[in-house]
2 protein chains.
Amino acid sequence: MNARRRSDDRTETIMRTALDLALEVGYAKLSMEAVAARAGVGKDTIYRRWPSKALLFLDAVLSSRNTGLEHPDTGDIVADLREVMSRAADLLARPPWGPLYQDLIGEAQHNPDVAAALNQRFIQPQTADTLARLKVAKEQGQLAPDFDLDLAFEILSGPLYFRLLITQQPITQAYIDRLLRALFAGMAPEPHPR
Amino acid sequence: MNARRRSDDRTETIMRTALDLALEVGYAKLSMEAVAARAGVGKDTIYRRWPSKALLFLDAVLSSRNTGLEHPDTGDIVADLREVMSRAADLLARPPWGPLYQDLIGEAQHNPDVAAALNQRFIQPQTADTLARLKVAKEQGQLAPDFDLDLAFEILSGPLYFRLLITQQPITQAYIDRLLRALFAGMAPEPHPR
DNA sequence: GCCATACTGGACGTCGCGTCCCGTTATCGG
DNA sequence: CCGATAACGGGACGCGACGTCCAGTATGGC
C-alpha cells in the first residue's frame, strides 16, 4: 500500500520534472539524464515506468492539465464552437504549449506508439466531445438533418492544424471566424455547380 | 569546368543514394555513414554540400521528382481540383512517398530550417498554383466574386493533412468528393444562423 | 607534366539512449 | 520491533550516430 503510494509520488515527480525541462529546453534537447538528475531519481526508476523518452514526454504533456477544452452549451452552436476553437488555438498553438504539442505531433510521425496514444488520449476524446455538441445542435434543429457532422469537424480542425504544422501562419480569432462563416454560411459559387 | 561537373555528379549521386536508403529503411534509421558508404563517398563530401542530415533528406525528397501536381485546366474548377487532390493523396499519403513526406513534416516541427525550406520549395508553389487556378475560375464566373480563395485552399488542404498527420485515416476518393461538395455546395444549416 | 583542389577513408570526440549492477533505503508481514 | 523483500540512487557501460578532422590520393586546369 505504502510502497504503491511511494511509487505514485515518484511517477508524478518524474512527469512534472520532464514537463518542466521540456518547457525550458524543448523536446529535442530534453534528455533522460537531465530528467533523472533533476528529479533526484535513477534512470532505472524512469525506465521502469515508461519504455522510452517519447512516451514519457507524451505522458508528461497530456497529463499536465485536463485540457479545459470541453464544449460549453449555450444553445448557440456557432458561438460554442467559436469558444472552443479559440481556447484550443490559444492553448495549443502558442507558447508555452504550442512548441511541445508540435513536437509531440512531430514525434508521432515516426513513432507509431506515440501516434496511437496521442489519438486515443487526446484527439479522439476531443473529437467525440465536438461531435456530441454538434449532434445536440442538429437535434435542436440548428443544423440541417443531412449536415455531415464528421466532415464538419474535420473542416474546422484541419485548417487549424495545417497552419500550426505546415505554414506556421498565426491562428487568429478572425481566421476562426472566417472558417466558421464558411462552414455555416456556405461558400457556394454563384452559378451553382454540380 | 570538369571539376564542377564532377561535383555535380557527386551531388546527384548522394541525393539519389540518400533517397534510396530512406525508401528502404525510413528516415529514422537513415544514417550518414550508410549514405556515404553506399554512395562511395567520404562523409566530408556530403557535409561540404549539406549542413545536416535533415537538410540532405529534405533535398533528396523534394528534388526527386517534379511533383506532377500542377493543376490542369479543363474549364471545370471542381473537376480540376478533384484531379489534383486525388493525385496528391495518392502521391503523398501512401507508400513509398507517404512515410517520407510524413517524416519530413515531422522533422519540420522541431527544425526551423526544414520547416522554412519545406514551405518555400513545396508548400508555397503548390499553394500558388492552386490559387491561380481558383482565380481563373472566379474570373470565369464559376465562383462568386466574394469567394474566399485563400480560405478555400486551406479548407481543402487542411483536412487532408489532418488525416495524414493526426488521425491517420485513409484519404479516399469518396472523402475528397465529400470535401469538395461541402465547400462548393455549402453546408449551410437549415434555420440559417448568423 | 605540375599544381591546386576535391576527394576517400577512417579515426575521433561527443552525446544521449537504454541496460546493468551494486550498495542503500523504505515498506510490509509477522 | 525486526527481518525479508522490493524499489531505489547513482553511476558505469555498450552502442550507434552525428559531425569534424586529418592524412594520403586522384582529378582536372594550365
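Residue numbers begin at 1 in each chain, while the letters A, B, ... track the order of the sequences.
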| Set of side chain to side chain donor-acceptor pair (under 3.5 Å) partners for A:Thr167, sequence neighbours left out |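 Side chain to side chain donor-acceptor pair (under 3.5 Å) list for A:Thr167, sorted by chain: A:Gln169.
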
| side chain to side chain donor-acceptor pair (under 3.5 Å) against B:Tyr175, all qualifying residues, sequence neighbours excluded | A:Glu154

Measure the distance from [atom1] on [X] to [atom2] on [N] and round it to the nearest whole Å.
X	N	atom1	atom2	result
A:Trp50	C:dT19	CH2	P	15 Å
B:Asp9	D:dG28	CG	C1'	13 Å
A:Arg38	C:dG16	CZ	P	15 Å

Filtered N/O pairs between nucleotides 11-18 of chain D and protein, under 3.5 Å:
| residue | atom | partner | partner atom | Å |
| --- | --- | --- | --- | --- |
| D:dC18 | OP1 | B:Leu30 | O | 3.2 |
| D:dC18 | OP1 | B:Met32 | N | 3.4 |
| D:dC18 | OP1 | B:Lys53 | NZ | 3.3 |
| D:dC18 | OP2 | B:Met32 | N | 2.9 |
| D:dC18 | OP2 | B:Glu33 | OE1 | 2.9 |

| task | Kindly compute the distance separating CZ (B:Phe147) from CD (B:Gln142), expressed to the nearest 0.5 Å. | result |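 So the CZ of B:Phe147 and the CD of B:Gln142 are separated by 11.0 Å.
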
| field | Residues in side chain to side chain contact (heavy atoms under 4.5 Å, CB included) contact with A:Asp103, at least two apart in sequence or another chain | value |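 Result, side chain to side chain contact (heavy atoms under 4.5 Å, CB included) vs A:Asp103: A:Tyr27, A:Phe57, B:His110.
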
| query | Who are the side chain to side chain contact (heavy atoms under 4.5 Å, CB included) partners of A:Ser157, not counting sequence neighbours? | reply |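 Testing A:Ser157 for side chain to side chain contact (heavy atoms under 4.5 Å, CB included), a comparison that skips the adjacent residues, returns A:Phe153, A:Tyr161, B:Phe162.
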
| Residue closer to the 5' end of DNA chain D, B:Arg48 versus A:Ala36 (nearest nucleotide) |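 Its nucleotide being nearer the 5' end, the pick is A:Ala36.
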
| Does the side chain of B:Arg49 get closer than 4.0 angstrom to OP1 or OP2 of C:dA6 through an N or O atom? |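 Checking B:Arg49 against C:dA6: no side-chain N or O falls below 4.0 Å of OP1 or OP2.
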
| query | Can you find a side chain N or O atom of A:Arg10 that sits less than 4.0 Å from OP1 or OP2 on D:dG9? | reply |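 A:Arg10 to D:dG9 OP1/OP2: side-chain N or O found under 4.0 Å.
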
Hey, can you pull the donor-acceptor pairs under 3.5 Å for the side chains in residues 84-98 of chain B, sequence neighbours left out?
| residue | atom | partner | partner atom | Å |
| --- | --- | --- | --- | --- |
| B:Ser86 | OG | B:Arg82 | O | 2.8 |
| B:Ser86 | OG | B:Gln173 | OE1 | 2.7 |
| B:Ser86 | OG | B:Gln173 | NE2 | 3.2 |
| B:Arg87 | NE | B:Gly68 | O | 2.9 |
| B:Arg87 | NH1 | B:Glu83 | OE2 | 2.8 |
| B:Arg87 | NH2 | B:Gly68 | O | 3.4 |
| B:Arg87 | NH2 | B:Glu70 | O | 2.9 |
| B:Asp90 | OD1 | B:Arg94 | NH1 | 3.2 |

